[in-house]
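Working notes, beginning with the structure itself.
Heads up: numbering here begins at 1 and tracks the sequence. As the structure is a computational prediction, the values presented were derived from the model and not from experiment. Worth knowing before you read on, the calculation uses all heavy atoms, side chains too, and leaves out hydrogens, waters and symmetry mates.
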Amino acid sequence: MNTRLAARPVEAFARQDGKLACEGVLLEAIADRFGTPTYVYSRAAIESAFAAYTAALQGRPSLVCYAMKANSNLAVLNLLARAGCGFDVVSGGELARVIAAGGNPRKVVFSGVGKTEAEIARALAAEILCFNLESVAELEMVERVAAATGRRARVSVRVNPDVDPKTHPYISTGLRSNKFGVAYADTLPLYRRAAAMPHVEVVGIDCHIGSRISDIAPYLEAADRLLDLVDGLAGECIELAHIDFGGGLDIRYRDERPPAAAELIGALMARVDARGHRDKMLMFEPGRSIVGPAGALLTRVNIVKPGQEKNFLVVDAGMNDLVRPSLYDAWMEVQPVAQRGGSVHTYDIVGPICESGDWLARERQLAAEPGDLLAILGAGAYGMSMASNYNSRGRAAEVMVDGARVYEVRRRETVEELFALESILP
Ligand SMILES: *Cc1c(COP(=O)(O)O)cnc(C)c1O
């Protein structure tokens, strides 16, 4: 077995002689070479996080489909594809990325409430593994497009199991009030319709109840509801090949203690087995837990601004680079890259963007001077993939560390690139 893929947790960032490093490379050296702000990823951490899933599933028919909206850099996708990973995509653009990165479209599931006909046609042509359907209208659209192109679409129904994952309201998706999935009571009729359609093949069932879930209980609750449906369908001679439990496992940002992937999978497998479905292929769609801990956003202090009520460290990264704090009120760990002496103050760490919501961390105690480097940890997921060009700021560079080597996997955007697609009136 490839030792790279051994299922041991890898810490992406650690101190070497007091200085923060990613694998074998000092973050200072990365800032010198590539500038700031820069996203830094650890190859070993990404691969070990993926291996934790596959090791727990060893000996079972299974497929892990990385939810690439968490981080869709081609280098990240390519490493996962090489390791055998599938992908959960939510747009035609994401499918194009999988293919560009050397991923196998036959290991792709297509999620999302608003797939267009054009996206469905492209996914059918690529022969993806499965469309995860979210509505009757979508089922009809898939049948129509498949018929028009003479193909048969493999489908699963994304069930809304109406369980509370006890997470942030913006990232819970399996409640009755969410826009996602098919209401539990509507599921069987939808399957019956799908099973009768000539260009649709029913292959699975799926759910995704939310993100940042740090408890196994809601997963088991959802699993029971899904397994009830699997039994009900079998009673009507609709046999499913796979059960997809979605993603959503949290990571440790501060003091959270989410279960390890192996723990979650062990508990779910036990439930599936106890209910007599050992033969089903098990699928997962993890995003955050694969890439989150593997990445940091490296930023430099530009201005130290003492205030009447608050002291601010104005850094060169902003909400356009990392929106999680302002969007979800998320707490992210900030560490000085080099520990320094000097007086410690309480600072809000903010960006240069013209919005009061442009903050990255609040009320942190540290000693800092202009020019100091800070690392925002746990930024590998929903960091760069949610970045924007607000305030005409080019997006950050991204680098991947592999042992003692560093690869630039996305160069910094230039200002000219930001308006290259625009034109003025004659
Ligand atoms: C976002 C998403 C995921 C991944 O969620 P994480 O919390 O990042 O693991 C999985 N499946 C679907 C359908 C999603 O929308």
Side-chain angles (χ1 to χ4, degrees), residues 61-63 65 88 90 109-115 120 123-124 128-147 151-165 172-210 217-248 268-285:
S62 62
L63 181 64
C65 289
D88 171 30
V90 293
V109 298
F110 193 167
S111 301
V113 291
K115 305 175 188 79
I120 292 167
L124 273 171
I128 66 162
L129 177 66
C130 188
F131 291 87
N132 288 355
L133 303 176
E134 304 228 9
S135 62
V136 181
E138 187 190 336
L139 169 64
E140 287 167 349
M141 196 185 280
V142 167
E143 166 65 19
R144 196 161 63 235
V145 177
R151 297 177 193 275
R152 199 140 183 250
R154 286 174 289 273
V155 303
S156 162
V157 174
R158 175 168 175 182
V159 180
N160 183 331
D162 195 26
V163 301
D164 186 357
S172 77
T173 52
L175 282 168
R176 226 188 317 233
S177 54
N178 296 129
K179 72 174 178 180
F180 295 102
V182 174
Y184 195 80
D186 299 337
T187 310
L188 285 176
L190 185 60
Y191 269 108
R192 285 183 200 119
R193 281 193 64 182
M197 287 177 168
H199 298 93
V200 161
E201 181 188 357
V202 172
V203 294
I205 190 165
D206 65 285
C207 69
H208 172 69
I209 56 175
Y219 280 104
L220 291 178
E221 216 183 305
D224 273 331
R225 309 214 72 193
L226 254 59
L227 291 165
D228 289 343
L229 288 172
V230 172
D231 290 338
L233 288 165
E236 301 187 23
C237 295
I238 301 174
E239 292 289 345
L240 303 182
H242 76 245
I243 307 175
D244 177 350
F245 292 110
L268 281 169
M269 287 196 307
R271 188 63 57 100
V272 169
D273 292 355
R275 299 208 32 188
H277 292 287
R278 219 195 139 76
D279 57 320
K280 299 282 184 292
M281 172 155 104
L282 299 186
M283 293 175 54
F284 290 89
E285 304 168 353

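Among all heavy-atom pairs drawn from D186 and P189, the shortest one is O-CD, 3.4 Å. Shortest non-hydrogen contact noted between V203 and C130 is CG2-SG, 3.8 Å. Smallest separation of non-hydrogen atoms from A195 and V202: N-CG2, 3.9 Å. L220 approaches R271 most closely through the heavy-atom pair CD1-NH2, 3.6 Å. For the pair Y191 and S156, the tightest heavy-atom approach, listed with the atom from each and the gap, is OH-C, 4.3 Å. Scanning both residues, P61 and D279, for their nearest heavy atoms gives CG-O, 4.2 Å.
Residues in residues 236-247 take part in these side chain to side chain donor-acceptor pair (under 3.5 Å) pairs, two or more places apart or across chains: R192-E236.
H277 has its side chain within reach of D231: a pair of non-hydrogen atoms, C-beta onward, lies under 4.5 Å apart. V182 places none of its side-chain heavy atoms less than 4.5 Å from the side chain of V159. Residues P161 and E221 fail the side-chain proximity criterion, which asks for heavy atoms closer than 4.5 Å. Put simply, the side chain of M283 reaches to within 4.5 Å of the side chain of L129, judged on heavy atoms. Residues E140 and S135 are not in side-chain contact: their nearest non-hydrogen atoms beyond the backbone lie 4.5 Å or more apart. In this structure the side chain of Y184 never reaches within 4.5 angstrom of the side chain of D162, judged on heavy atoms. Counting heavy atoms from C-beta on, the side chains of E285 and N132 come closer than 4.5 Å.
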Checklist entry - side-chain contact (heavy atoms from CB on, under 4.5 Å) between V230 and R275: does it pass, once the steps are laid out? => result CA-CA 10 Å; V230 172; R275 299 208 32 188; over 6 Å; no
Item to check | Steps toward side-chain contact (heavy atoms from CB on, under 4.5 Å) verdict (V109, L63) | outcome: CA-CA 10 Å; V109 298; L63 181 64; 5.8 Å; no
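Rounding to the nearest 0.5 Å places SG of C65 at 11.5 Å from CZ of F284. From L190, atom CG reaches atom CZ of R193 across 7.5 Å, with rounding to the nearest 0.5 Å. The CZ atom of R151 sits 13.5 Å away from the CD1 atom of I120 when rounded to the nearest 0.5 Å. One finds the CD atom of E134 at 7.5 Å from the CG atom of D206 (value rounded to the nearest 0.5 Å). Note: I209 CD1 to Y219 OH = 6.0 Å, rounded to the nearest 0.5 Å. Atoms CD1 and CE, from I243 and M281 in turn, are 11.0 Å apart once rounded to the nearest 0.5 Å.
The backbone N or O of A146 sits nowhere less than 3.5 Å from a side-chain atom of R152 that would complete a donor-acceptor pair. Between the side chain of R158 and the backbone N or O of H208 there is at least one donor-acceptor pair closer than 3.5 Å.
Judged by a 6.0 Å distance limit and a 45° cone about the ring axis, K115 is positioned over the six-membered ring of F110.
Remark: R154 pairs with no residue by the salt bridge (Lys or Arg N to Asp or Glu O under 4.0 Å) rule, at least two apart or across chains.
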